[in-house]
Engineer: 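One structure follows; several queries about it will come next.
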4 protein chains.
Amino acid sequence: MDARTKVEPEPRRRGRPAESDGLTGERILIAARVCFAESGYAGASTHMVAARVGLTTGALYHHFASKRDLYLAVFAEVEQLMIERFEKAAAPHTRFVDKLDAILDEILRLSRDEPTVTGFLQSLTADVGRHPELLEAIVPAFEQRDQMFSGLVEAGITSGELVEADREIVLDTVTTILVGLFAMNLGQLPSVQQHAVDGYKRLLRGALLKTKKR
Amino acid sequence: MDARTKVEPEPRRRGRPAESDGLTGERILIAARVCFAESGYAGASTHMVAARVGLTTGALYHHFASKRDLYLAVFAEVEQLMIERFEKAAAPHTRFVDKLDAILDEILRLSRDEPTVTGFLQSLTADVGRHPELLEAIVPAFEQRDQMFSGLVEAGITSGELVEADREIVLDTVTTILVGLFAMNLGQLPSVQQHAVDGYKRLLRGALLKTKKR
Amino acid sequence: MDARTKVEPEPRRRGRPAESDGLTGERILIAARVCFAESGYAGASTHMVAARVGLTTGALYHHFASKRDLYLAVFAEVEQLMIERFEKAAAPHTRFVDKLDAILDEILRLSRDEPTVTGFLQSLTADVGRHPELLEAIVPAFEQRDQMFSGLVEAGITSGELVEADREIVLDTVTTILVGLFAMNLGQLPSVQQHAVDGYKRLLRGALLKTKKR
Amino acid sequence: MDARTKVEPEPRRRGRPAESDGLTGERILIAARVCFAESGYAGASTHMVAARVGLTTGALYHHFASKRDLYLAVFAEVEQLMIERFEKAAAPHTRFVDKLDAILDEILRLSRDEPTVTGFLQSLTADVGRHPELLEAIVPAFEQRDQMFSGLVEAGITSGELVEADREIVLDTVTTILVGLFAMNLGQLPSVQQHAVDGYKRLLRGALLKTKKR
DNA sequence: GATGAATGAGCCTTCATTCAT
DNA sequence: TATGAATGAAGGCTCATTCAT
C-alpha cells in the first residue's frame, strides 16, 4: 500500500537556490491549504507542508512566523475567495431565492474546482473551536461573512419575499445550510452534495413536499 | 535512512471490542466521549481520557486495545443512542413532515441534554474523513443511519407527500440538513441552532418565503 | 545512523579577524556586545545581533567569519577597554591600597557608564569555561590582565605594603575580588556593588572589623 | 578530540525495565546537576541529561514536568546542601571572623568534594538573570540564604566585632566574596581559590597589608 | 486490574551558516 | 556590500503504546 519510493529529494546545496522566483511564499500558502484541508489544523504538520513545496521546515519559518500565522494567512485567502465568489454569483439577481440559488450552485462549483477551499472551510469551524489562539484572530474576520449573509436577507425583505420578523431565523437558517454543505464536502460522494443543493432549492420554493393545507 | 516498516496495522476485529467489563469500562467510554467531543480524534490524547477517569494510560489498554478501538466503541454508543432517540421521536407520527419535525426538535434536545453526543457527532465527519483507519470500520455502521432516513422518506412516499422520483434528493437533503445542524453545534450560540430548526420547519411547509407564483 | 562527521572546525586564525572595515563593522561590534552581555555566548543569536544593527544575518558574515570570531572581537575590545580604564585609574597612585581603591571605584563607574562592558565581563568566565573553542583563543589574552595585576602587586612590594612571600596570595585574592564584583553586576541592585566596594576598601585597611588582639 | 565510540546504548525493550529501583528520579537529579553545572541552563539539553542516565528525553518528562522544573529541583537540592554545610561549618564558632573563616574553608572543601554543586552555583546568578521563568521561582528561595548571612552579621554585632551601622556593608561584602569564590570555581586552577581564601582570611584580620597609619 | 516506567517517533521551532543574486 | 532564501542539526516537548511488577 506504500511501495512508492518517496523520491529521495536530491539534497540541495546550501545557499539561495538559482531558481528562486519569489513565488515560494505563494506556493507555501497553496501547499498549506491542501494540508489543512486534508488534515485540519492540528493534524497538518509543518513538515507535511514543507515537503509538499520541496522545502525543509526551517525554510517555512523564513516566510511565516509560525504554524498559526500560516493557518491564518490561508484562512484570509480562502475566506476572501469564498466571499468574492459568492458575491459575484449573487450579484446579478435581485430576489432572495435567486441569490441563494446562485450561491448554492457556486458551492457546488467550488467543491469541484477548488476542493481545497471547501475542504479548508469544512474543518474551519471545528479547528477554530478547538484552538483558542486561532479564534482570537478569526472571529473578527467572520463579521464580513455575516455582513454578506445579512445583505442577502435584506434583499429578501426589500423584495417582499421575507418579513422583518423572520430576519434572524432566515439568517441562521441560511448559515446553517451553507455550513452543512461544507461539512458534507469531503470524502462523500459529490452526488450527495448535488442532491442536497437540488433539495434546498426546491424547499425554498415550497416545491419539495406536497404539503396538505392544514 | 527510512526503513519504511510501518507495520500495516493488523486489521483488528471491527466494531465494539470485548471491553465493557464492568463499571470502569463504561466510565472510560464516557470520559472518552467527552474528550473526543471537545478535541476530536487526533486532538484528544489517551492521557486526557485516562486522567478524566482517574486512571493511568496503561490501565486504558486493559479495556481497549488502542485509541482507535476506544474511538470506535464511543462511536458505536453514540450512533446507537442517536438512532434510538430519533426513531423514538419520529415513531408517533405518520407523515414525513411531522416525523422530520420531531427529529429536528430531538436534535435541539440532544444538544441541550447531551452536548457530548452532539459534540462527538460534530467532529465525526471530519475525523473519519481524515483517518482512514476509522473510515474502514465506521462506513458500514452508517448503513443503519441511512436505513432510518430511508424509512423516513418511505413514509413520505406512502403518505403521498413525496414522489418516488425525489427519493434520493430528499434522502440526501435530509442527511445534509442534520449533519449541518450537528456541525453548527459547538461553540456557537444555541440560539443559532434553534433558529435554524425553526427555519427548516417552515421551509418544509413552504412557509418561510412568500414565493411569488412563477 | 550517526555519521560523526562534525568537521573539526578548521582552526581559524586567532584573535581579531580582519573585520572592522569601516563603520558597519564597529556598529556590529557594539550590538554584539549588548547581546552577549544580555544573553551570554550561547544565548545571543546572530539574528539578535543583526537585527539590532538593522542587518540580516547574512550581512554579518561579511564582517565576521563566525559567531565565535565575533565574540572574540568583542572580547578583545572589552578587555582592552577594561585594562585601559584600570591602568589609567591606578596610575596616579603609588601605594597598592590606593591603586586598588581606584580600580574598585573604576568598576563602579564602569558598571554605571558602560553596563554592557561589565555585563560582558560577567558572563565571560562562564562562557569561556563552557565553550572550549573560545577558551583556546582567550586564555592567551588573559596574560595581559595578569600582567596588570602583577604590576599592582609589585607596587605593593616596592612600597613595603606587601611582602614577597604573599605575592601569589595577593594576586589571586585581587583577581577573585574583581571577578566577584563583575559576577554581582547584573540584575542585582547597584547598591550591593557599592556596599561591597566600600567593604573591600575597609577590609584592605583592616578597618571593617574590630579584631580583638589575638 | 572525540574518538570515544559513544557506546551505542543497546536498545532497551519497551515496557518497564526489570531493574527499576525507584531511584531514577534521584539519578536524573544528579545527572542534571552535572549538566547544568557544566553547561548552564540554556546550554544543557534535556538530551544530555537523559543520555547521562541512559534514558530517552521522553522518560525524563515522566519524572519532571519540564526542563525548568528539573532545574528548580536541582536548585532546591543544591541550595539546601550549601546552606546546611555552611551552617554546620559556622555553628561551632561564636565570633564573626571565625564563622566566616569556617565558611570559606567549607567552600574549598565543597569545590573539591562536590564540584557539581559549586559549578551549579557558579552559573546560577547568570542563569537566573537571563531566564525570568527561573527568577520567579528562585528569588523567594534566596531569602533563606540571606537569612543565613544575616545571622552571621548579627553574630558579629553581638560579639562586638561589627557595629550596627555597618550591617548592610558587611552583608553585601560577604555575599560578594562568596559569589566571587563560586565564580572563580570552574576551569580555574584550584590553587587560585585556595589563595583567595587565604587572602580573604588575612584581610579579615587586617593582616594582609602592612597599612601605614594614616 | 492497575501503576509506573520507558520507548521511539514525531511535532513546532530556533539557529549558525551558506550562497546566488 | 547586503539581502533573501535555504539547509541541517538540534532543542523542548507530547504522544500512543508496551510491559514488568
Side-chain angles (χ1 to χ4, degrees), chain A residues 11-22 24-25 42-50 53-63 65-68 70, chain B residues 6 21-22 24-25 42-50 53-63 65-68 70, chain C residues 5-6 9 21-22 24-25 42-50 54-63 65-68 70, chain D residues 11-22 24-25 42-50 53-68 70:
Chain A
R12 301 182 182 215
R13 60 177 161 5
R14 281 300 170 78
R16 181 184 216 173
E19 22 77 47
S20 180
D21 46 10
T24 308
S45 74
T46 54
H47 178 78
M48 278 168 56
V49 176
V53 195
L55 290 176
T56 56
T57 54
L60 238 58
Y61 285 79
H62 185 66
H63 298 268
S66 66
K67 188 184 175 182
R68 174 179 168 273
L70 181 53
Chain B
K6 199 169 198 176
D21 27 18
T24 308
S45 73
T46 54
H47 179 80
M48 277 169 56
V49 176
V53 198
L55 289 176
T56 57
T57 51
L60 240 57
Y61 284 79
H62 260 283
H63 299 266
S66 66
K67 186 182 172 182
R68 173 179 167 272
L70 181 52
Chain C
T5 356
K6 200 170 198 176
D21 26 17
T24 308
S45 73
T46 54
H47 179 79
M48 277 168 56
V49 176
L55 289 176
T56 56
T57 52
L60 239 56
Y61 283 79
H62 260 282
H63 298 267
S66 68
K67 187 183 172 182
R68 174 181 166 271
L70 181 52
Chain D
R12 301 180 182 218
R13 57 176 163 6
R14 281 300 170 78
R16 181 184 216 173
E19 22 77 48
S20 181
D21 46 10
T24 308
S45 73
T46 53
H47 178 78
M48 277 168 56
V49 176
V53 195
L55 289 176
T56 56
T57 54
L60 237 58
Y61 285 79
H62 185 65
H63 298 267
F64 297 89
S66 66
K67 188 184 174 183
R68 174 178 168 273
L70 182 53

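Note that these values count all heavy atoms, side chains included, but never hydrogens, waters or copies made by symmetry. Numbers restart at 1 for each chain; the letters A, B, ... are given by sequence-line order, proteins then strands.
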Engineer: Which nucleotide in the list E:dA6, E:dC15, E:dT13 gets nearest to the side chain of D:L55?
Structural biologist: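 The answer is E:dA6, which lies nearest to the side chain.
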Engineer: Provide, to the nearest angstrom, the distance between the NE2 atom belonging to B:H62 and the C1' atom belonging to F:dC19.
Structural biologist: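 One finds 10 Å between C1' of F:dC19 and NE2 of B:H62, rounded.
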Engineer: For B:T46, give me all partners under side-chain contact (heavy atoms from CB on, under 4.5 Å), at least two apart in sequence or on another chain.
Structural biologist: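 side-chain contact (heavy atoms from CB on, under 4.5 Å) list for B:T46, sorted by chain: B:T57, B:L60, B:Y61, B:K67.
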Engineer: Need one value for B:A50: base, sugar-phosphate or nothing, where a base atom within 4.0 Å counts as base even if backbone is also close, heavy atoms only.
Structural biologist: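 Nothing: the residue B:A50, judged by heavy atoms under 4.0 Å, touches no strand.
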Engineer: Grab the NE2-P distance between D:H47 and E:dT13 for me, whole Å please.
Structural biologist: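 Answer to the nearest Å: 23 Å.
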Engineer: Taking side-chain contact (heavy atoms from CB on, under 4.5 Å) as the test, write out the residues that go with D:T56, two or more places apart.
Structural biologist: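 Only D:A59 meet the side-chain contact (heavy atoms from CB on, under 4.5 Å) criterion with D:T56.
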Engineer: Tell me the interatomic distance from A:L60, atom CG, to E:dT14, atom C1', rounded to whole angstroms.
Structural biologist: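 From A:L60 CG to E:dT14 C1': 14 Å.
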Engineer: Taking only side-chain N and O atoms of C:T24, does any of them lie within less than 4.0 angstrom of OP1 or OP2 on F:dA2?
Structural biologist: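 Yes.
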Engineer: Please determine if a side-chain N or O atom of A:T56 lies less than 4.0 Å away from the OP1 or OP2 oxygen of F:dA6.
Structural biologist: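 Checking F:dA6 against A:T56, no side-chain N or O comes under 4.0 Å of OP1 or OP2.
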Engineer: Given that C:S45 and B:G58 both sit by DNA chain E, which one's nearest nucleotide is further toward the 5' end?
Structural biologist: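 This one resolves to B:G58.
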Engineer: Which part of the nucleic acid, if any, lies within contact of A:S66, taking any heavy atom under 4.0 Å across all strands shown: a base, the sugar-phosphate backbone alone, or nothing?
Structural biologist: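 If one applies the 4.0 Å heavy-atom cut-off, A:S66 turns out to touch the sugar-phosphate alone, with no base involved.
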Engineer: Between E:dC12 atom C1' and A:K67 atom NZ, what is the distance in whole Å?
Structural biologist: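 The answer, rounded to whole Å, is 8 Å.
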Engineer: Atom OH of A:Y61 and atom C1' of F:dG11: how far apart are they, to the nearest Å?
Structural biologist: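 A:Y61 atom OH is separated from F:dG11 atom C1' by 13 Å.
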Engineer: Pairs counted only when both distances fall under 3.5 Å, Watson-Crick or G-U: show me the 5' to 3' dot-bracket for DNA chain F, [ ] for pseudoknotted crossings and | for other-strand partners.
Structural biologist: .||||||||||||||||||||
Engineer: Could you state the interatomic distance from CG (C:L70) to NE2 (C:H63), rounded to the nearest 0.5 Å?
Structural biologist: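 Output value for this atom pair is 11.0 Å.
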Engineer: Please confirm whether the shortest side-chain N or O distance from C:T46 to OP1 or OP2 of E:dA16 is below 4.0 Å.
Structural biologist: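 True: C:T46 side-chain N/O within range (under 4.0 Å) of E:dA16 OP1/OP2.
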Engineer: Given atom CG of D:L70 and atom C1' of F:dG12, what is their separation to the nearest angstrom?
Structural biologist: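 It is 12 Å, rounded to the nearest whole Å.
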Engineer: Distance check needed: F:dA2 P versus C:H63 NE2, whole Å only.
Structural biologist: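 Atom NE2 in C:H63 sits about 4 Å away from atom P in F:dA2.
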Engineer: To the nearest 0.5 Å, tell me how far B:H62 NE2 sits from B:T24 OG1.
Structural biologist: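 Spacing of NE2 (B:H62) from OG1 (B:T24) equals 11.0 Å.
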Engineer: 5'-most contact on DNA chain F: C:A59 or B:A59, nearest heavy atom basis?
Structural biologist: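 Checking each residue's closest nucleotide, the 5'-ward one belongs to C:A59.
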Engineer: Which part of the nucleic acid, if any, lies within reach of A:A42 when heavy atoms closer than 4.0 Å are counted: base, sugar-phosphate only, or nothing?
Structural biologist: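 Nothing, no nucleic acid heavy atom in range.
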